[in-house]
Amino acid sequence: MRISIFLFVALACAASGAQAQDSATRNMAAACAICHGTDGRAVTRDVVALAGRPREDIAAQLRAFRDGQRPATVMHQIAKGYTDQQIDAMAAWFAAQKR
Amino acid sequence: MKRRDFLKLSGAGMAAGSLAGLAGCASAVPSKARVVVIGGGFGGATAAKYIRHWDPSIDVVLIERDTSFVSCPISNLVLAGYSSMQEISHGYDGLRRLGVQVVHDEAVAVDAAKKSVRLGRGGDISYERLIVSPGIDFNFAEVQGYEAAMKDGRVLHAWKAGAQTVELRRQLEQMRDGGVVLLSVPLAPYRCPPGPYERASMIAAYLKQAKPRSKLLVLDANPDVTSKAGLFKRAWSDLYAGVLEYRGNAKAVGVDGKTMTVKLEVEDVKGDVLNVVPPHRAGNIARQAGLITTNNRWCDVDWRTMESKAVKGVHVLGDATLSAPAMPKSGSMANNHAKIAAAAVVDLLNGRAPEPVKIVNTCYSFVSQKEAIRVSSVHEWDGNTLTAVKGSGGVSAARSEAEGTFAWSWARTIWADSLT
C-alpha cells in the first residue's frame, strides 16, 4: 500500500513536471505561428507545414539554417536565437501536432 | 469559489459562447467572465483565441468597437491599388467559433478595485483577469490646427486602417498630375517603425505609374529613416528617383487646412494631399484605466506575464506598451505579447506559476508591387526585461520578390493565427 501511494505520488509529480515542460515548449513554439500557422498548420503553400513533420527532420533543418548550411531569406537569422535543447524540444512538439 | 460553481459558470460561459456563435450580434451581453479582453486587434484577438485554444474551460469575453478587423499591415498596398479594403478586412466569427463571446461595444471605464469593465451602451462585465490591448490614440495637440483640418477633410493620418485609408486612396486618385503629396512621420516611438517608409514607397509607386509629373515629399521628424534604412534608401534611389524626396529632421508642428500647408519648425511646405501622422500614445482606455506609466504615453509591463506595472490583475499588450529594448510596435509583436499573456493567464487561473516566454518579431515592408524587405528579431527574458538574443535577427540581404511572397504569406497566416 505504502509503495503504491509512493508510486502514485511519484508518477503524479513526473506527470505535472512533464506538463509544465510541455506547456513551456508549446508557449515557445507559438511564436512560430505568425508565419507557420497555429500549431504549425500552414495557412499558405509558401511556408513549410511543421505539424506532424518528423522531429529529426525539423531539428536537422533548424540546425542547418542556424549553422549557415542551408540558405534562407529569414530562417538563418531566427534559428540563431535558439539553443540545441530548445530546437529539439520544439521539433518534438511540432512533430506531435496533428497535420 | 467552489469548484462546482466554477464548473457551472464555465459551462454557462461555453453555452453562451456557442449561442453567440449562432445568434451573431443578437447575443445578450454577459455580466461576468473569467477573462475580459478589451480590443480586438492583433493583440486582443490573439489573446482571446489562445486562452480558449489552450484552456477551453476558461470563458472569455472580447469587447471590440468595430464589427470587422481591418489590418494595418498590407493597408499601404491599398493606397497604391495593389490590395483592397475587402482583402485586409476580417470578421470576428472565427473567434466566436472558438467560444469567445464577442461584444461589439466600447469599453469606457475600468474599475480595477471591483474588477469590472463599463460598456459604452451601459452595463458592466466583471472579470478575474483583464487584458487590455487598446492600440494607439493620437496626441493631436502636438500638431497645431490638426483636429480642425482633419474635421474639414484636409489632412489625414490613415494610421489606423479603415475609413481614412479609403479617403487617402481617394485623394491620391483625385490629385492632379504634377501635384505634391506630403507624408509627415512623427518622432519614434510610433506604431510600425518601417510603416511610413513602406507607405512612401507605395505612394511613390502609384505616382510614378499614374501621375508621373507628381512628387512625394517625406517629412520625417526623425534624423533619418528609423527602420531598414539602407534597404529603403536603395529602393528609393533605384525605383523612385525624381518622384520621392526624403528630408530628415523635419518635424511637423502645425497644419493649415485652408492653405494646405504643413508647418515645420523652420519653414512651411505646401501640398495637394496632406498625410500627416501625429505622435501617438497608448489608446484612450489605457489612460482612463490608469495603465499609462511613462511620459504620459506608454504602459510599462512585466514582460514575463504582460501584467501592468501600475494595476494588478490587468495585462497590457501591443503598441500601447512601453517597448522593451529593440522591440518594435508591430502586429507580430502584439500577437506574441498576446501569447505571453494567454500563457500567463491560463497558468494563473489554474494555480500554476507563469514562466517567461521567448518570442519572435518579423516585419515585412513592400517597396514595390512585388518586392519586399524584412527585419526580424528573437527576444528572451534576461531576468529584467525581454532583450534581443545575441547573434540572432537581422534584415533582408536585398529587396526581392521572394520576400514579397513571404510577406503575403505572413499576412494571411497572422490574420488566421490571430482571428480563427
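Throughout, a chain's letter reflects where its sequence line sits, starting with A, and its residues are numbered from 1.
In this structure, the portion of Glu403(B) lying under 4.5 Å from any heavy atom of chain A is its side chain and not its backbone. For Arg412(B), the parts lying under 4.5 angstrom from a heavy atom of chain A are both the backbone and the side chain.
Among Gly81(A), Ala79(A), Gly37(A), Ala42(A), the residue with the largest count of heavy-atom pairs under 4.5 Å with chain B is Gly81(A). Note: Gly393(B) leads Ser400(B), Ala343(B), Gly393(B) in heavy-atom pairs under 4.5 Å with chain A. In terms of non-hydrogen atom pairs under 4.5 Å with chain B, the most contact-rich of Gln86(A), Lys80(A), Met28(A), Gln77(A) is Gln77(A). Contact count versus chain A (heavy atoms, under 4.5 Å) is highest, among Thr46(B), Val357(B), Val346(B), Asn361(B), for Val357(B). For the set Thr38(A), Val43(A), Asp46(A), Ile34(A), the count of heavy-atom pairs under 4.5 angstrom toward chain B peaks at Ile34(A).
More than 12 heavy atoms of other shown residues, nucleotides or ligands fall within 6.0 angstrom of atom CZ in Arg63(A).
With rounding to the nearest 0.5 angstrom, the CE atom of Met75(A) is 7.0 Å from the SG atom of Cys32(A).
Within residues 379-387 of chain B, no residue has any heavy atom under 4.5 Å from a heavy atom of chain A.
Taking the centre and axis of the six-membered ring of Trp93(A), the NZ or CZ atom of Arg26(A) falls outside the cone set by 45° and 6.0 Å. Both the sub-6.0 Å distance and the 45° axial angle are satisfied by Lys358(B) relative to the ring of Tyr82(A).
Classification of the Trp415(B)-His90(B) ring pair by plane angle, with boundaries at 30° and 60°, yields tilted. Using cut-offs of 30° and 60° for the angle between ring planes, the Trp410(B) and Tyr364(B) rings count as tilted.
For Pro354(B), the side chain to side chain contact (heavy atoms under 4.5 Å, CB included) partners two or more places apart in sequence, or in a different chain, are Thr305(B), Ala344(B), Asp347(B), Leu348(B).
Ser323(B) and Lys329(B) form a side-chain donor-acceptor contact under 3.5 Å, judged by distance and modelled atom types alone. A donor-acceptor pair shorter than 3.5 Å cannot be found between the side chains of Ser396(B) and Lys228(B).
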